[in-house]
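Have a look at the structure below, then the notes.
Whatever order the structure lists them in is the order used to number ligands and atoms, beginning at 1. Values reported hereafter were calculated over all heavy atoms of this structure, with side chains retained and with hydrogens, waters and symmetry mates removed.
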Amino acid sequence: TSDRNNSMGVNLANDKALQALAEQVNATGEKLLAGNQLATPLVPGAVPSNAFLPISNPADHRQIVGQWQPADSATVEKAMVNAVAAQPAWDRTPPASRAAILEHAADLLEARTAEYIALCVKEAGKTIPDSVAEVREAVDFLRYYAGQLRTSFNPEPLPGPTGESNQLQLHGRGVFVCISPWNFPLAIYIGQIAAALAAGNAVIAKPAEQTNLVGYRATQLLHEAGIPAAVLQFLPGDGATVGAALTADPRVAGVAFTGSTDTARAINRALAARDSAIGVLIAETGGQNAFIADSSALPEQLVKDAISSAFTSAGQRCSASRVLFVQDDIADKVMTMLAGAMDELKIGDPGLLSTDIGPVIDADALKLLEDHAARMNNEARLIKQTECPEAAAHGTYFGPRAWELHSLDQLHKEIFGPALHVIRWKADELDQVIDAITASGYGLTLGIHSRIDETVDRIASRARVGNVYVNRNQIGAVVGVQPFGGQGLSGTGPKAGGPHYLPRFATEKAITINT
Ligand code: NAD
């Protein structure tokens, strides 16, 4: 949208500009591969002792992008002690000063766009356009929460009787743990941290195991912008060890988590089991996102939007379409066109501008997709399987696929990759379709293609989801424009990039003075 295009100093209005950026990104990427990039814990006073592990490029596992060092238990403890000690002074820093630091970080990020795009391409296997969107979203989060901090975090005078002055203040809750996924290693990593810091918390950030370099370099940038080292600490490590140790710690006031529904449940249990203050959990999780099209939908537009929603970022978006419900009058035509359009997708090196679909993140993700494909090939009708080029043999690639199912029950849980499922419905079955989507328990995004206002209203008002997109694709929420997040199995809310997110990281204090 125009917001995204306006949010960065880079003008990508024409192919030449994009080509120039791609050349810059690839030159930076080569330098990255040539140097030995390290991601170590950033914890003042700690001397981490764990061995380094290699970071390989998902597009070609023979390429080693760098190495990372998981935090040991003494480093986790040191980070906690540092954070507890540093938080009060950070909370006392005036909101305008905290906002200025976040805005400075946004400026630095814009100035170094090519470097962060290269990191996303090489470590996460994201295409260049996807990586551009990552940097933009991270910049937008920094500016959005900084702006909100400037306007809504100053003490608010309240009415009261003569002789009494009342005031409502917002403060940080204490130490916040931010746990992020690999699929938006920059945008979500920075978005969580920016909100937690803005509200006056000290932050311990644990990135996903697959994307430590991006997290490390993003943390360094925030420090350079002025966030004190003990107020934001970087703590890489396995979810099951470092993540679990952090969320079980009684000194933690809250956790901002984005990832799978199962992990959110584990964190919820860990927070509840502590014999300490009740911890806050802000969880953004998975989806089983549907797209509903009726017979008034324009097939060309529908297929274009379904392809973009299901396969952009190799389908590794929480918002991605997993199921396309098509009214039977147009179903055959849509499936034929879908298969044709899938033939056009270019699968390959994410560093090439011509590439539409890059690799999936790692061998575990690929195995889950291959197992799913084997089951679908038995239980459903294959509409299309795209083949990967030979050059993809050294990476973790999964050619986009589509199957026709007879029921949503055939999908047991979220399938995280370029796999689309199509289900036909008859004119009198619309309510059953909506009920089946609700019964899945997930409630993240929903796409609707219909030219009939009543149908759109009926679906949009009945559906229990966080984000509804009508007659367009269903991915790419923009900060401050489409606040993003779901309900049910898809998350707790409040929505990231929306007005209610930041206050959730804060605690309220009312002060009454008898004058
Ligand atoms: P994941 O749950 O496996 O991992 C996410 C993070 O949690 C990682 O940093 C991991 O190390 C950590 N973790 C794992 N076990 C932990 C534990 N016991 N305690 C504490 N931390 C732990 O998810 P993933 O596979 O990395 O990410 C993909 C998932 O994220 C998908 O389900 C996707 O839908 C979801 N997602 C949701 C949103 C959203 O906004 N709703 C955005 C992006 C991704």
Side-chain angles (χ1 to χ4, degrees), residues 68 70-71 76 124 126 130 133-134 137 141 177-189 191-193 195 204-212 214-215 234-249 252 255-271 273-274 279 281-289 313-322 360-369 413-417 442-445 465-467 474-477 479 482-498 501:
W68 72 286
V76 176
K126 299 196 88 158
D130 274 351
E134 277 264 326
E137 195 174 358
F141 275 134
V177 170
C178 293
I179 300 181
S180 45
W182 47 264
N183 67 334
F184 286 92
L186 187 68
I188 292 181
Y189 182 78
Q192 292 178 339
I193 292 173
I204 298 177
K206 199 209 84 60
E209 295 85 329
Q210 297 88 340
T211 50
N212 289 297
V214 176
F234 172 75
L235 210 67
D238 277 345
T241 52
V242 172
L246 287 172
T247 54
D249 195 294
V252 168
V255 176
F257 168 78
T258 307
S260 63
T261 306
D262 287 347
T263 305
R265 284 203 188 97
I267 294 174
N268 210 8
R269 282 193 294 268
L271 287 173
R274 305 172 320 158
L281 173 62
I282 302 166
E284 297 171 32
T285 56
Q288 193 65 286
N289 311 306
S313 313
Q316 300 175 114
R317 285 177 176 244
C318 51
S319 51
S321 294
R322 308 293 178 205
V360 297
I361 189 70
D362 58 19
D364 289 347
L366 183 58
K367 170 89 172 60
L368 285 174
L369 287 164
K413 57 193 294 196
E414 181 189 38
I415 308 300
F416 211 62
Y442 290 100
L444 196 47
T445 68
V465 297
N467 289 70
Q474 69 185 103
I475 56 169
V479 173
Q482 289 112 8
F484 184 77
Q487 50 180 288
L489 294 177
S490 297
T492 59
K495 285 171 175 296
Y501 191 66

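- One distance of note links CD1 of Ile188 with CD of Glu137; it measures 7.0 Å at 0.5 Å rounding.
- The protein heavy atom nearest to atom 17 (C) of ligand 1 is Gly239 O, 3.4 Å.
- Rounding to the nearest 0.5 Å gives a distance of 12.0 Å between CZ of Arg317 and CG of Leu444.
- Atom NZ of Lys413 sits in a sparse spot, with 12 or fewer heavy atoms from other residues, nucleotides or ligands closer than 6.0 Å.
- Atoms of ligand 1 found under 4.0 Å from any heavy atom of Phe257, numbered from 1 in the order shown, are 2 (O), 5 (C), 6 (C), 7 (O).
- If you look at Pro207 next to ligand 1, the close heavy atoms, those under 4.0 Å, all belong to the backbone.
- Taking atom 34 (O) of ligand 1 as the reference point, the nearest protein heavy-atom neighbour is Glu414 OE2, 2.6 Å.
- Going from atom CG of Asn467 over to atom CG of Asn289 covers 9.5 Å, rounded to the nearest 0.5 Å.
- The nearest heavy-atom contact from the protein to atom 33 (C) of ligand 1 is Phe416 CE1, 3.3 Å.
- Heavy-atom distances between Ala264 and ligand 1 stay at or above 4.0 Å for every pair.
- A distance of 11.5 Å separates CD1 in Ile193 from CD1 in Ile204, rounded to the nearest 0.5 Å.
- Side-chain atoms of Arg322 come within 3.5 Å of backbone N or O of Gly417 as a donor-acceptor pair.
- If you check which protein heavy atom lies closest to atom 23 (O) of ligand 1, you get Ser260 N, 3.4 Å.
- Residue Gly491 places every heavy atom at 4.0 Å or more from ligand 1.
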Next on the checklist: side-chain contact (heavy atoms from CB on, under 4.5 Å) for Ile361 and Asn183? Distances and angles first, verdict last.
Outcome noted: CA-CA 8 Å; Ile361 189 70; Asn183 67 334; over 6 Å; no
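- A salt bridge links Arg265 with Asp262: the distance from a Lys NZ or Arg NE/NH1/NH2 to an Asp or Glu carboxylate oxygen falls below 4.0 Å.
- Closer than 4.0 Å to atom 4 (O) of ligand 1 lies none of the heavy atoms of the protein.
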Item to check | side-chain contact (heavy atoms from CB on, under 4.5 Å) between Thr247 and Ile179, intermediate numbers included | outcome: CA-CA 10 Å; Thr247 54; Ile179 300 181; 3.9 Å; yes
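- Among protein heavy atoms, atom 40 (O) of ligand 1 sits closest to Glu284 OE1, 3.1 Å.
- Using a distance-only test at 3.5 Å, with no hydrogens or angles considered, a donor-acceptor pair links the side chain of Thr445 to the main chain of Ser319.
- At a heavy-atom distance under 4.0 Å, only backbone atoms of Ser180 (N, CA, C or O) approach ligand 1.
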Next on the checklist: Test side-chain contact (heavy atoms from CB on, under 4.5 Å) on Lys126 and Phe184; report intermediate values, then the result.
Outcome noted: CA-CA 9 Å; Lys126 299 196 88 158; Phe184 286 92; 3.6 Å; yes
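- Contacts of Ile188 with ligand 1, taken as heavy-atom pairs under 4.0 Å, involve the side chain alone.
- Polar contact with ligand 1: present for Thr285 (N/O pair, distance under 3.5 Å).
- Cys318 contributes atom SG, which lies 8.0 Å from atom CD of Glu414 (distance to the nearest 0.5 angstrom).
- Ring pair Trp182/Phe416: centre-to-centre distance below 6.0 Å.
- The option with the heavy atom closest to atom 39 (C) of ligand 1, from among Cys318, Gly486, Ala248, Ser490, is Cys318.
- Remark: ligand 1 and Thr261 share no N or O pair separated by less than 3.5 Å (distance only, no angle test).
- Of all protein heavy atoms, the one closest to atom 27 (O) of ligand 1 is Pro181 CB, 3.6 Å.
- Counting only heavy atoms of the protein, atom 24 (P) of ligand 1 lies nearest to Trp182 NE1, 3.5 Å.
- For Glu209, a nitrogen or oxygen atom sits less than 3.5 Å from a nitrogen or oxygen atom of ligand 1, counting backbone and side chain alike.
- In the candidate list Gly259, Gly286, Ala245, Gly259 is nearest to atom 35 (C) of ligand 1, counting heavy atoms.
- Here the protein heavy atom with the shortest distance to atom 15 (N) of ligand 1 is Thr263 CG2, 3.4 Å.
- Ligand-side atoms of ligand 1 in range of Ala244: 19 (N), 20 (C), range being under 4.0 angstrom from any heavy atom.
- Near Lys206, with a cut-off below 4.0 Å to any heavy atom, the atoms of ligand 1 are 9 (O), 10 (C), 11 (O).
- Every atom of ligand 1 with a heavy atom of Asn183 under 4.0 Å away is listed here by number and element: 43 (C), 44 (C).
- For Arg317, no heavy-atom contact with ligand 1 is shorter than 4.0 Å.
- Looking only at distances, no side-chain donor or acceptor of Thr285 sits under 3.5 Å from a matching main-chain atom of Thr261.
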